[in-house]
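Along the sequence shown, the residues carry numbers beginning at 1.
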Amino acid sequence: GEVGPGDAVLLKRGGLWRETLRPVSGRPGLPVRYSSYGSGRKPVIQRSMDFSRLDDWTQIGKDLWVTDGRRPIARDVGIVIFDHGRRWGVKTWRRDGWQIPNSDYWRRHVQLKEDLDYRYEPEEKRVVVRLRANPAALFRSVELALTEHGVDQDRAHDVVYDGLWVRYCGAHGFAGSSTARIVIRNCDISWIGGGLQMWRRQKDGRLWYPVRYGNGIEFWCDCRDNLVENNRVWEIYDAALTNQGRESDQQNIVWRSNLVWHAEYSFEHWNEGRTKDVSFMHNMCVDAGEGWGHGQRATPNGAHLMYYHNSADASGVVVASNCFVNATEWTMRAGTDWRRGLRQDGNVIWNEKTVPVCRWLDGPSLRFLDWDGYQALGFDGHGEWRMPAACLRIKKEFQAIERQEDR
C-alpha cells in the first residue's frame with residue numbers, strides 16, 4: 001500500500017539497493033521513518049554500477065581497458081572504487097573545443113598516463129581505465145559511482161532516517177532543497193562525490209575548466225528545523241556536513257555528535273539570505289583533506305570549517321565543543337568577517353605546527369593565523385590546543401568499518 005504520515009519503511013540489514021531513495025513526507029508529529037530490521041550490516045543504498053567481472057572490460061590498447069558497451073553508463077562517474085576503497089581511480093578529462101589551462105595540474109589530468117587513471121566518455125557512455133591488466137583480474141570489486149544522489153529529499157518534510165548506509169554516490173549522499181523537520185541519525189555516509197557539476201566558461205563563452213562536487217549531507221537553500229546526529233561520515237569529495245544556498249532562509253539546523261573522517265571540509269556554511277540558529281556541537285572531525293579526492297582537486301583546500309562567499313544576515317550560529325584534529329591546509333577558512341553572527345568556543349584543535357589554524361579573510365586583508373592569532377579574533381577563548389587521545393580510537397574504528405565494507 002501507499003506510505004503515509006506515521007508509517008515506517010524498514011530495509012533489511014545486509015541488503016543492498018542500487019537506486020536513489022526518494023522519501024515520502026509525513027506531517028508534524030507524524031514523520032515517515034526509514035530504518036532497518038534484522039541483523040548484520042546496515043542496509044546499503046548506493047548509486048554505483050558493479051563492473052567486477054572479467055567480461056565487463058575490453059582491452060583497447062596497451063594498458064587501456066574500457067567498460068563493456070552492452071552496459072552503457074548514462075551518467076558521469078565521480079569515483080572508481082576498487083576493493084571497497086583500498087584503491088581508487090584518478091579522474092582525467094577530455095572535451096572537444098576545450099583549450100586546456102596552462103598549469104601542471106591540468107596537464108596531469110587530461111591524459112591516461114598512470115595506473116588507475118580513468119575518464120568518463122559521455123558520447124560513448126563508457127569509462128576507460130589505465131591498468132596493466134583487466135581491472136576485474138586485479139581487484140575483487142570494481143564499483144563505478146554514478147553522479148546521482150543517494151537520498152534525494154527535495155522539498156521533503158517530516159522524515160526520519162535511522163541506521164542506513166549511503167555510499168558510492170558521485171553527487172551528494174543526502175541532498176535536497178526546501179526541507180523541514182528532517183532527522184538523520186545513526187547513518188553511515190561514505191565515498192561520496194567527484195561527479196561533474198558543470199563546465200565553467202570564460203567571459204567570451206569559451207570552455208574554462210570542469211567543476212566536480214559532492215557533499216555527505218547537504219541542506220540546500222530554504223531549510224528549517226532539521227537535526228543531524230550520531231552519524232559517521234567519511235571519504236567525501238567536498239563537505240561532510242553543510243547547509244548552504246542562495247537567497248535562502250535557513251533556521252534551526254542542528255549538527256551534533258557526528259564523527260567525520262577524511263572529508264575535504266568537515267563543516268561548510270554559506271548562505272546569501274538569512275541564517276538563524278545553526279549549531280554545530282560535540283562533533284569529532286579528523287584528518288580534513290586526507291580523503292580520496294584531495295590529490296585530484298585543482299585547488300586543494302582541506303579544512304574543518306569553511307565560511308565563505310557569504311553576505312547573509314547571520315545570527316545564532318554556534319560552533320562549540322567539537323574536536324578538529326589535523327587538516328592539510330588550515331582548520332578554519334573565512335572569506336568574510338563572521339564574528340557578528342558566529343560564536344565559536346570551547347573547541348579542541350590540533351594541527352601540525354606548519355599548518356595555520358585559520359585563513360582569515362581574502363584580498364589585501366588575507367592573513368594566516370596561528371593559535372594565538374586565531375584566539376585574538378575572539379574565537380575559542382575557552383578552547384584547547386591539543387591532540388585528543390580519542391583520535392587513535394577513531395582511526396581503529398574507521399579501519400574496522402572499511403573491513404566491514406569488504407564483506
How long is the straight-line distance from [atom2] of [Y] back to [atom1] of [X], given to the nearest 0.5 Å?
X: Asn230; Y: Ile184; atom1: CG; atom2: CD1; result: 12.5 Å
X: Ser141; Y: Ile81; atom1: OG; atom2: CD1; result: 8.0 Å
X: Trp65; Y: Phe51; atom1: CH2; atom2: CZ; result: 15.0 Å
X: Glu290; Y: His262; atom1: CD; atom2: NE2; result: 5.5 Å
X: Asn243; Y: Ile253; atom1: CG; atom2: CD1; result: 6.0 Å

Any Lys/Arg nitrogen of [X] or [Y] sitting under 4.0 Å from an Asp/Glu carboxylate oxygen of the other?
X: Arg108; Y: Glu114; result: yes
X: Lys42; Y: Asp188; result: yes
X: Arg343; Y: Asp380; result: no
X: Glu121; Y: Arg119; result: yes
X: Arg130; Y: Asp117; result: no
X: Arg274; Y: Asp249; result: yes
X: Asp56; Y: Arg71; result: yes
X: Arg18; Y: Glu143; result: yes
X: Arg201; Y: Asp204; result: no

Counting the benzene-type ring for Trp, do [X] and [Y] have ring centres under 6.0 Å apart?
X: Trp385; Y: Trp371; value: yes
X: Trp88; Y: Trp191; value: yes
X: His172; Y: Tyr213; value: yes
X: Trp360; Y: Phe368; value: no
X: Phe219; Y: Phe174; value: no
X: Trp270; Y: Tyr307; value: no
X: Trp98; Y: Trp199; value: yes

Exercise. What are the two closest non-hydrogen atoms of Trp330 and Asn351, and how far apart are they?
Worked result: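 Scanning both residues completely, I find the closest heavy atoms to be C-ND2, 4.4 Å.
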For this session: Quickly, which of Arg126, Lys91, Arg212, Lys125 forms a salt bridge (charged side-chain N to carboxylate O under 4.0 Å, His left out) with Asp76? Name it, please.
Result: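 Of Arg126, Lys91, Arg212, Lys125, salt bridge (charged side-chain N to carboxylate O under 4.0 Å, His left out) with Asp76 is met by Lys91 alone.
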Problem set entry | Main-chain N/O of Ser25 paired with His157 side-chain donor or acceptor, under 3.5 Å |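 Here the side-chain-to-backbone pair does not exist.
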For this session: List in chain and number order the residues that pass side-chain hydrogen bond (donor to acceptor under 3.5 Å, both in side chains) with Arg185, two or more places apart in sequence or in another chain; answer none if no residue qualifies.
Result: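 Counting only residues at least two positions away or on another chain, Arg185 forms a side-chain hydrogen bond (donor to acceptor under 3.5 Å, both in side chains) with Glu229.
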